[in-house]
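Because the structure is predicted, anything quoted here is derived from the model rather than measured. All chains are named by letter (A, B, ...) in the order of the sequence lines, taking the proteins before the strands, and each is independently numbered beginning at 1.
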Number of protein chains: 2
Amino acid sequence: MMTLDQMKDKDIGKVGTPERDKYEFDLQMEVLGDMIRSVRKERNLTQEQLGELIGVQKSQISKLERNTKNVTIETILKVFRALKANVRFSVEMNESEFKVV
Amino acid sequence: MMTLDQMKDKDIGKVGTPERDKYEFDLQMEVLGDMIRSVRKERNLTQEQLGELIGVQKSQISKLERNTKNVTIETILKVFRALKANVRFSVEMNESEFKVV
DNA sequence: AAAAAAGTTGAATTATATGGAAACTTTTGC
DNA sequence: GCAAAAGTTTCCATATAATTCAACTTTTTT
């Protein structure tokens with residue numbers, strides 16, 4: 001589990017060792033757009049190229065990367081599928097935190 | 001990380017010990033609706049009560065629980081926020097898996 | 001087994017996400 | 001500093017998600 005900033009700071013150029021061959025990030029939903037951008041850049045793709053993989057214009061990719069939460073699950077899956085990345089969602093629930101109002 | 005079935009099998013009535021005070025579930029998008037339902041029931045809420053917390057009719061909750069093929073992030077966040085549960089997502093990326101087409 | 005509560009469904013409406021096109025701005029390379 | 005590439009924005013159309021209402025079905029309670 002790391003923040004987006006920590007992730008960005010990572011020297012992703014130096015990969016190659018098996019230990020570094022796989023990345024996993026836990027994130028808040030709000031940064032989903034940043035995540036698309038990060039993974040796209042890690043794949044060395046322009047917005048236009050990613051758009052081609054999915055079948056949309058570069059402007060659409062731009063919008064997805066900057067727009068945070070108003071996206072459908074389907075779109076998110078489509079993008080990360082094109083980037084050959086797996087997305088998983090998790091729900092964390094604290095018993096004590098909940099009070100019926 | 002557990003499947004939905006394992007989760008359902010869990011005896012959630014017996015909580016109270018600190019070890020059992022927190023639940024975490026990884027899920028596929030396809031079971032998100034089931035997840036809403038599970039957490040709602042764990043909170044001992046009816047669809048109508050959850051709807052009131054969010055400001056929608058019970059029929060809407062019903063639809064979200066059964067028909068989650070496609071939902072927006074905003075809706076998901078709204079629901080789980082009302083249930084006092086955190087939603088996170090993780091992206092897993094394998095270097096080797098990707099080839100530029 | 002009747003009544004009440006909880007959940008589901010269908011039809012209709014509203015809101016908004018997806019998307020393209022083109023003009024515009026920013027960044028990058030020389 | 002200029003040109004090309006990459007990214008952003010605006011306007012617009014279309015598709016579909018979000019939502020309600022009311023009738024209906026299922027489950028629970030007494």
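Although no hydrogens or angles enter the test, the distance criterion places no donor-acceptor pair under 3.5 Å between the side chain of B:Gln60 and the main chain of B:Gln57. Judged by distance alone, with hydrogens and angles left aside, the side-chain atoms of B:Arg81 form no donor-acceptor pair with the main-chain N or O of B:Asn86 at under 3.5 Å.
The residue A:Gly51 sits apart from the nucleic acid: no heavy atom pair falls under 4.0 Å. Among the atoms of the strands shown, only primed sugar atoms or phosphate atoms (P, OP1, OP2) are found under 4.0 Å from some heavy atom of A:Thr75. As judged by a 4.0 angstrom heavy-atom cut-off over every strand, B:Ser62 is placed among the base-contacting residues. Backbone-only contact: B:Gln57 has heavy atoms under 4.0 Å from sugar-phosphate atoms and none from a base.
For B:Arg66, no side-chain nitrogen or oxygen approaches OP1 or OP2 of C:dG7 to under 4.0 Å. Using a 4.0 Å cut-off, some side-chain N or O of B:Lys78 falls inside it from OP1 or OP2 of D:dT19. A close approach under 4.0 Å does not occur between any side-chain nitrogen or oxygen of A:Gln60 and OP1 or OP2 of C:dG20. The side chain of B:Arg40 places an N or O atom within less than 4.0 Å of a non-bridging phosphate oxygen (OP1 or OP2) of C:dG7. B:Asn70 has a side-chain polar atom (N or O) that falls below the 4.0 Å cut-off from OP1 or OP2 of D:dA17.
A:Thr75 and A:Thr72 are linked by a side-chain donor-acceptor pair at a separation below 3.5 angstrom, with hydrogens and angles left out of the test.
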Check the pair B:Leu64, B:Val56 against side-chain contact (heavy atoms from CB on, under 4.5 Å), reporting the backbone distance first and the verdict last. CA-CA 11 Å; B:Leu64 292 175; B:Val56 299; 6.0 Å; no
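Atom CD1 in A:Ile76 sits roughly 12 Å away from atom P in C:dA17 (whole-Å rounding). In this structure, B:Leu64 atom CG and C:dA6 atom P are separated by 19 Å, rounded to whole Å. One interatomic measurement links the two molecules: CD of A:Glu74 to P of C:dG19, which rounds to 9 Å at whole-angstrom precision. Atom CZ in B:Arg37 sits about 11 Å away from atom P in D:dT27, given to the nearest Å. With rounding to whole Å, B:Leu32 atom CG is found 11 Å from D:dA18 atom P. The CG atom of B:Leu77 sits 13 Å away from the P atom of C:dA17 (whole-angstrom rounding). The NZ-P distance, from B:Lys41 to C:dA5, rounds to 18 Å in whole Å. D:dT8 atom C1' lies 12 Å from atom CG of A:Asn67, rounded to whole Å.
We find that B:Glu65 and B:Arg40 are joined by a salt bridge, their nearest charged nitrogen and carboxylate oxygen being less than 4.0 Å apart.
Considering only side-chain atoms of A:Lys63, the nucleotide from D:dG7, C:dT8, D:dT9 that sits closest is D:dT9. Closest contact between the side chain of A:Thr72 and the listed nucleotides D:dT20, C:dA17, D:dT10 involves C:dA17.
Toward the 5′ end of DNA chain C lies the nearest nucleotide of A:Ile54, the other residue of the pair A:Lys58 and A:Ile54 mapping further downstream.
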